[in-house]
Each structure stands twice: as structure tokens, then as C-alpha cells.
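A quick write-up on the structure given underneath.
Bear in mind that the values here come from a model prediction, so they are computed numbers and not experimental data.
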Amino acid sequence: MIVRTRFAPSPTGFLHIGGARTALFSWAYAKKHQGAFILRIEDTDVARSTPEAVQAILDGMQWLGLDYDEGPFYQMQRMDRYKAVLKQMLEEGTAYYCYCSKEELEALRESQMQQNLKPRYDGRWRPEAGKVLPTPPADIQPVIRFKNPQTGNVVWHDLVKGEISIANQELDDLVIARADGTPTYNFCVVVDDWEMGITQVIRGDDHVNNTPRQINMLYALGATIPQYAHLSMILGDDGQKLSKRHGAVSVMQYDEDGYLPEAVLNYLARLGWSHGDEEIFDMAQFCAWFDLDHITPSAAQFNTEKLRWLNAHYIKQTDSAVLAIDIKKRLAKLNIHLQDILAQQFPQLNAVLDLYKERVHTLNELASSIAYFYQPPVFDQTAVEKHLTSDIKPVLNGLVEALKEVEWQPEHIHQAIETAVTQNQLKFPKVAMPLRVALTGNAQSPSIDQVMALLGKDQTLARIADAIN
RNA sequence: GUCCCCAUCGUCUAGAGGCCUAGGACACCUCCCUUUCACGGAGGCGACCGGGGUUCGAAUCCCCGUGGGGACGCCA
């Protein structure tokens, strides 16, 4: 059978990390089996769905490179189909009208809770052979409920969690269409998964309890039952549940924070899934390896440190010319506009990135750490006081003179510094550190001769002169 | 409360009865490299939730307990 998976977010917010992983796994499963990955927007909650959220989800998917073969389908555009199925179920007697008011239902729930019972609909409008139903009140618009079987168990083999069995006694007759006629989530999912021919439903763990209801409806419709794989949730760095209020951020925030999509993808792939000891792999490799058997059934805690480590790896691995496109934008946010300064013979961005990309964990760090090449250094006072001492200034002065005559290559620059070091009977760092502070503004940088070579002779001499005075 | 699910280093995980004196990765610590800080390299610290079974043998299977999570909407 051809594999068909789907990602079915509701557009009530951005694409967060948990949703992204669900999408990634569904996507990879389809790719692995040369199947189709479908995007379906579940927007039947009109009050909470927004076009902005739809766009945010689409943006997130695009940033991650999770392309879909079909869709996006919008459930609100499939109303006719749902209504037809609803009508059919009403006629076949697998669904019925319920005239309970919300207040009535609320009272029922409360009394059940007080008796330590599981709150559920008591079936007062459920038609039964020989049962006399109440007279429909004229002022109530009815909802439609699914007539769930009352005996037996629903059992399925979850591809992640193994066999799960739930007694029909635990289930009540859920509302499948609201009083205003719009169908609800559990019903739309069933119709769509069925009609879109979904073979594996890969989704969050919070849907486990919906699964038996959906399976019952699928049976009632005579539909094929897909396989289910329920992914456990992702916890925040602090081990707490992620929510709008606490820690849940858009995947686009990772872009904002300087993470490469490759790193986020690789990280997410390893969160809850594994392939032996493999830690670093690209998506082609992931799709080749991916299987549902090696998904962990327990919840996973997000670890930003590990993401940072992966991000550093991917930054190192990315060609500087490619990095440059992104870094220009980040520099612009720091008010450094390269198109204006390159003309003034500042170093080529690619060369600077070659020197710095080995040392950072995020693109933002990369951008800010090279800023001094394109603007006057911002001095770290502690470093200045420690290294730019008055006793070293004459040495630097002498060095400036010597440097004027040097051919501007790292090895020649190095030689000039070395000479100054010996002539003044100093250790190399004693000269290198003040130079570093004078040129970069702080006490950390790559090899100082490399930095000077890139900075250029004019800038180097000017900055040393500034620092001395 | 009821139902469902989960449980290996601080974190992500390997582990399908003997290969486990439990392996890898992040983080942490030490050392090396060194022109500072990183990077890199080499080591180190560090875990099978508890109790009962089953078995010649259990991290792995079963039961109970404990802890954690999820669901119980005219939300998805």
C-alpha cells in the first residue's frame, strides 16, 4: 500500500517545536516509503483560527524545508462534504440530535465530578429501541452526537506505544456537529483521514484518548482504519510542560536567534528517535533511516545546549559564501550595512567568516563577533585596563613604525610582532594582547596576525594609534 | 476523581533474556594543543524508580507500589 501521512495543525498560533517534530516525523515517514505527505489545516474552530496563524505555520514549514505533496487543504472549505456525511449518519442511525443546553450539560458534569465519576454525556437524547425520547424544546438548536457503541473494547496497535485498549463504556456520545451546524474536530479528522486515504496517522500523544472514538466512527462509516503512531510530548529545558504561557516558542524564533534549520531539524530528529549512536546526520540520511520502531514512548526534555552544539557544527560546515547571505542581514540589524562599507576596502565578508565560523554557536554570535571589522571597536573596559597599560604603549609605537614597512601578509605581520617581542625582551602575549584589545576591543579573537591581515594595514595602524593616544 | 500512557547518567538516548563490571552524545571536570578566547584532541565524573515474581540467568518478561504525564469541551 502507498504510504500517505499528514500534518494537521489548527491555525490558532505559530508552529512550535512539538508541532514541528510531528510534522518532521510524518514528512520523513512518507519520504522513507516514497509516499505522500499532506498538509491539512484544521480551522473548524472559527473563533480561534486566524489567517495570520495559517501563514505562520506555512512559514515555519518552509523555513524547515518540510515540503508537502498535497494541500494545504482547509477544512472550512470542505463543509459540504462533512454535511453530507453527517446527513448520511443521521439517516443510518449512527448519529442523532441532542437538545441539551450547555447549562444542562455543565450541571451534569459537575454532579458527576462530585460523585468521583468520569464526566460524560449520559445519553438522554440517545435513541434506543423501545425508549421514549423527551419532546425537543422549541428554543434549542440541537447538536449532533455520534452514537458510540456501549459495549466491548476498542483495541489498536499503536506504532509507538504498542497495544492500547479502551473500553467503550469509558466513552460517551461525543458532539460531532455544533448547534450552528459546523462539524467538530473529531468528526472532521475522521472524514478527512478516510477520504484523503491516510495510512499512518502520526500525531501528538494528547490525541490518544480521541483515537478510540475516531476508530468507532470510522467503523460506522465502513472506512478503513489507518495505523496510529502517537508521539510523546516535548518538555521545556526546565522539564516543565511547554505552553503558550511557558516556554513554547515559534520555530521562527530559532531563525531569529541564529539557528540554522539544518541544526534544528537534526536536533528534533534525535529528540525521541534514534538510530544507534548516530548524532549528526542530514535529512536525506534521516529519511533513509527513519522508522517508527525507534521512537521513544516517553516524553523528552528539550536541551538548548545540545541544539547549540549541533548548530555550531552546521555553521562550521556551511560554506562561508552561503553564510554571508544570512550574516549580511544580521549585520544590518546591528546597523552595519556592508554594501556601503565594502567600497572603503574593508575585508571581504567571506574571509572574515572563514576565520570566525569555527568559533561560534549561533549566527547572531557570528554577526556580533565580526562587527568590529566594519565599525570602530567597542572597548571592553576590563580588557583595556588589563592589557592596554602605559608601559606597553612605547612598544606598540615602535611596532607601528615597523609595520608600516611590512608586506601585509599574516606571516610577515607575525614576524614583525615577533621582532618587537624579542627587541623588548617580552613574551609574545605581552604584545599580542594589547594589540588584540586595540584592534578588536576585547581580549578574545582569532590569531592576532590573521586578524590584522584581514583588517588591512590602514585600519590596523589607525586603530593602534588611536589606542595609544 | 475516572480512564489511558510513561519510567536507563543532570539532559537526549543505545539496549528486543546471557555480547552490560550498562555503550554513545550534550553539559560538567582534568590534561594536551596554544598568541588570548574558542575550536580540536585525550581522559574523567555520572544511570537501569522501589518491591516481588518468572528464569540457570533480567535494564530487558509479568504483577504490585511509587513517581510523572495526558485525556475527560458545542477546542484542536
Which is true for A:Ser49 with a 4.0 Å heavy-atom rule: it touches a base, it touches only sugar-phosphate, or it touches nothing? nothing

Nucleotide paired to B:G10 in any strand shown, Watson-Crick or G-U, under 3.5 Å: B:C26

Sole candidate of A:Phe25, A:Phe286, A:Tyr29 that passes ring pair (Phe, Tyr, Trp, His ring centres under 6.0 Å) when paired with A:Trp273: A:Phe286

When rounded to the nearest Å, what value does the distance between P atoms of B:G41 and B:A14 take? 24 Å

Using only modelled atom types and a 3.5 angstrom limit, is any donor from either the side chain of A:His414 or the base of B:U35 paired with an acceptor on the other? yes

Looking across every strand, which nucleic acid part, if any, lies under 4.0 Å from A:Val208 by heavy atom: base, sugar-phosphate, or nothing? sugar-phosphate

Using Watson-Crick or G-U wobble geometry with both distances below 3.5 Å, tell me the partner of B:C49, or none. B:G65

Between A:Thr44 and B:A76, is there a side-chain N or O to OP1/OP2 distance below 4.0 Å? yes

May I ask you to say what A:Ser447 touches in the nucleic acid, namely base, sugar-phosphate or nothing, with a heavy-atom cut-off under 4.0 Å? base

Within the structure shown, what part of the strands sits under 4.0 Å from A:Asn210 by heavy-atom distance: base, sugar-phosphate, or nothing? base

Which nucleotide wins on minimum distance to the side chain of A:Gln444, given the candidates B:C72, B:U36, B:A25? B:U36

Side chain of A:Arg270 only, please: which of B:G24, B:C6, B:C26 is the nearest? B:G24

Once you apply a heavy-atom cut-off of 4.0 Å, does A:Asp158 come out as touching a base, just sugar-phosphate, or nothing? nothing

Considering only NZ, NE, NH1 and NH2 on the basic side and carboxylate oxygens on the acidic side, decide whether A:Asp172 and A:Lys118 come within less than 4.0 Å. no

The Watson-Crick or G-U wobble partner of B:C72, with both key distances under 3.5 Å, is B:G1

If we take the P atom in both B:A59 and B:G51, what is their distance in whole Å? 12 Å

Give one of base, sugar-phosphate or nothing for A:Glu279, where a contact means two heavy atoms less than 4.0 Å apart. base

A:Lys118 has its side chain closest, among B:U36, B:A7, B:U2, to B:U2

Counting heavy atoms from C-beta on, name the nucleotide in B:C3, B:A7, B:C74 closest to the side chain of A:Pro297. B:A7

Nucleotide nearest A:Asn209 (side chain, heavy atoms from C-beta), chosen from B:G70, B:A14, B:G73: B:G70

At 4.0 Å (heavy atoms only), tell me whether A:Thr296 reaches a base, stays on the sugar-phosphate, or touches nothing. sugar-phosphate

Compare all side-chain heavy atoms of A:Arg21 with those of A:Ile17 and state whether any distance is below 4.5 angstrom. no

Integer angstrom distance from the P of B:G24 to that of B:C9: 16 Å

Do A:Leu24 and A:Phe7 have side-chain heavy atoms sitting under 4.5 Å apart? no

Taking donor-acceptor contacts at under 3.5 Å, does the side chain of A:Asp205 reach the base of B:G70? no

Per atom distances to the A:Asp206 side chain, the nearest of B:A71, B:G24, B:A7 is B:A71

Taking a pair as Watson-Crick or G-U wobble with both distances under 3.5 Å, which nucleotide is matched to B:G17? none

How would you label the contact of A:Gly239 with the nucleic acid (heavy atoms, under 4.0 Å): base, sugar-phosphate, or nothing? nothing

Out of B:U13, B:A76, B:G70, minimum distance to the side chain of A:Ala300 belongs to B:U13

